[in-house]
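Encoded as structure tokens, the structure appears first; notes follow it.
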Amino acid sequence: MGLNISGTIDRARHPEQYPDKAKGPTFDPMYGFPDGRKLKTAPYTDEEMQILNIPHDKRDYCPERHAWEKCETNNKLDDAKEYERELRLHRRRLRKEEIIKNNPIHKELANNEE
Amino acid sequence: MNHLIGLSKRNILLINRLPIQTTIRTVLNNREWRPKEDVPVTAEDRAATAKKYNMLPEDYKPLPPERNAGDMPSVEPAGKFFDRSPWEDYDYPMDRQNWNEPRHPSDHVKYDKTRVGYSPQKRPVTLKILLRLLLLPATFILGVYGLRTFEFMTPSFPSRKPEPGAVHYSFEKDDGSGQGVRY
């Protein structure tokens with residue numbers, strides 16, 4: 001709880017250091033993954049979900065009834081990992097911009113991404 | 001600290017109040033508050049002790065010598081809690097006492113075994129007392145709207161749903177090995 005409160009205050013004072021939660025991941029999803037990443041497959045299409053009368057907040061990537069909890073947990077972990085990745089790439093970009101600002105010789109660093 | 005909030009003397013009394021019951025204990029345990037051992041005789045001494053006990057000089061009468069009380073005045077019982085009118089403006093309305101009034105030993109009793117009284121234990125409700133009921137909801141509401149400006153630091157994105165145009169990736173590797181993520 002203390003980490004949450006201090007993080008909230010830091011986010012309120014330095015909002016430029018944190019990614020925007022509403023926007024979602026902005027960097028290239030494959031950057032930094034040489035072996036690629038697997039696609040997430042939705043179990044049902046939109047029409048099938050409407051026909052089955054699934055409640056709106058449960059219309060996500062988790063199909064099975066019996067393995068639902070585990071799937072939900074894994075999805076939440078994925079969201080946290082995405083956020084962490086986004087945060088680290090964001091901070092890395094800020095650091096590079098700082099270096100360029102202080103020393104304009106290292107301009108090649110600005111293009112070393114994406 | 002009280003003068004910073006702008007409280008009057010009367011409000012300071014009511015907020016920093018020492019309960020009436022503990023003054024009885026303190027009066028005899030605290031050496032500075034003990035009565036003097038000599039009964040005053042001259043008119044000046046009587047006037048000074050009457051001022052000390054917050055009485056008029058003509059009202060001050062010492063106790064008889066066999067009581068061995070020294071300075072202390074003999075006071076008629078002015079009335080217990082239920083014998084006093086609730087409509088007066090007391091300094092301590094919960095005890096129906098005033099600050100520094102000369103008190104008889106039986107006046108501190110609020111709940112007596114031999115009390116026979118059917119008067120209600122109510123006190124007149126003023127606007128100030130009613131406004132105190134609004135303190136808690138007001139702080140709660142202001143707090144909620146004040147804290148809404150902060151976005152709480154749960155370090156994860158909102159859960160992603162399968163939209164028609166969006167492509168979402170897991171952290172597993174794409175070569176069929178199932179590696180790359182450890183749940």
Side-chain angles (χ1 to χ4, degrees), chain A residues 1-13 15 18-26 28-30 32-49 56-63 70-87, chain B residues 1-7 11-12 14-17 19 128-183:
Chain A
M1 200 175 92
L3 192 66
N4 201 338
I5 291 169
S6 61
T8 306
I9 293 168
D10 194 51
R11 193 205 185 93
R13 291 172 98 184
Y18 290 87
D20 196 357
K21 274 203 220 182
K23 276 196 209 152
T26 53
D28 179 24
M30 292 300 186
F33 292 94
D35 292 331
R37 281 170 84 170
K38 231 187 198 171
L39 269 176
K40 268 195 178 179
T41 50
Y44 307 110
T45 63
D46 263 350
E47 292 90 19
E48 289 172 6
M49 286 214 242
H56 283 277
D57 41 346
K58 296 225 165 49
R59 293 188 184 185
D60 54 7
Y61 287 104
C62 290
K70 192 159 181 156
C71 178
E72 276 290 311
T73 317
N74 293 343
N75 278 359
K76 287 186 179 167
L77 285 170
D78 280 343
D79 294 331
K81 288 178 186 178
E82 283 284 350
Y83 182 86
E84 186 64 24
R85 177 173 180 263
E86 180 73 18
L87 183 79
Chain B
M1 148 87 180
N2 285 323
H3 76 276
L4 293 170
I5 313 174
L7 292 176
N11 284 345
I12 292 167
L14 298 175
I15 289 169
N16 289 334
R17 66 179 202 158
K128 239 202 276 188
I129 294 164
L130 286 173
L131 287 176
R132 279 176 205 162
L133 290 171
L134 293 176
L135 274 176
L136 193 67
T139 51
F140 187 75
I141 289 164
L142 288 173
V144 166
Y145 281 112
L147 287 172
R148 274 188 187 184
T149 55
F150 293 109
E151 197 181 313
F152 278 100
M153 188 54 201
T154 42
S156 70
F157 282 123
S159 70
R160 295 172 295 170
K161 303 278 170 79
E163 284 143 25
V167 179
H168 291 139
Y169 292 97
S170 155
F171 281 92
E172 270 180 65
K173 289 186 185 173
D174 211 1
D175 50 4
S177 59
Q179 292 170 348
V181 72
R182 183 175 49 159
Y183 288 120

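Labels below follow one simple rule: chain letters A, B, ... track the order of the sequence lines, proteins then strands, and each chain is numbered from 1.
- Remark: B:Tyr183 OH to A:Thr73 OG1 distance equals 10.5 Å, nearest 0.5 Å.
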Practice problem: In sequence, state the C-alpha distance, the side-chain angles, and the governing distance for A:Asp78 and B:Phe157, and then conclude on side-chain contact (heavy atoms from CB on, under 4.5 Å). | Solution: CA-CA 9 Å; A:Asp78 280 343; B:Phe157 282 123; over 6 Å; no

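- You'll find the side chain of A:Met49 reaches within 4.5 Å of the side chain of B:Pro162, heavy atoms only.
- Of the two parts of A:Leu77, only the side chain, counted from C-beta on, holds a non-hydrogen atom closer than 4.5 Å to a non-hydrogen atom of chain B.
- Under the 3.5 Å distance criterion, the side-chain polar atoms of A:Lys81 are left unmatched by any main-chain donor or acceptor of B:Ser156.
- Both the backbone and the side chain of A:Pro25 come within contact range of chain B, each with at least one heavy atom under 4.5 Å from a heavy atom of that chain.
- Heavy-atom minimum distance, B:Lys161 versus A:Asp60: CD-CB, 4.0 Å.
- With a 6.0 Å radius and a threshold of 12 heavy atoms from other residues, nucleotides or ligands, A:Leu3 has its CG atom at or below the threshold.
- Note that OG1 of A:Thr8 and CE of B:Met153 are 7.5 Å apart. Values are rounded to the nearest 0.5 Å.
- Only the side chain of A:Glu86 has a heavy atom closer than 4.5 Å to any heavy atom of chain B.
- For A:Asn75, no part lies under 4.5 angstrom from a heavy atom of chain B.
- Applying the 6.0 Å contact sphere to CZ of B:Phe150 captures no more than 12 heavy atoms from other residues, nucleotides or ligands.
- For residues 164-175 of chain B, a heavy-atom distance under 4.5 Å to chain A picks out B:Pro164, B:Val167, B:His168, B:Tyr169, B:Ser170, B:Phe171, B:Glu172, B:Lys173, B:Asp174, B:Asp175, given by residue number.
- Residues B:Gln179 and A:Asp35 have side chains not in contact (no heavy-atom distance under 4.5 Å, counting atoms from C-beta outward).
- With a 4.5 angstrom heavy-atom cutoff, A:Arg37 touches chain B via backbone and side-chain atoms both.
- In this structure, the portions of B:Thr154 lying under 4.5 Å from any heavy atom of chain A include both its backbone and its side chain.
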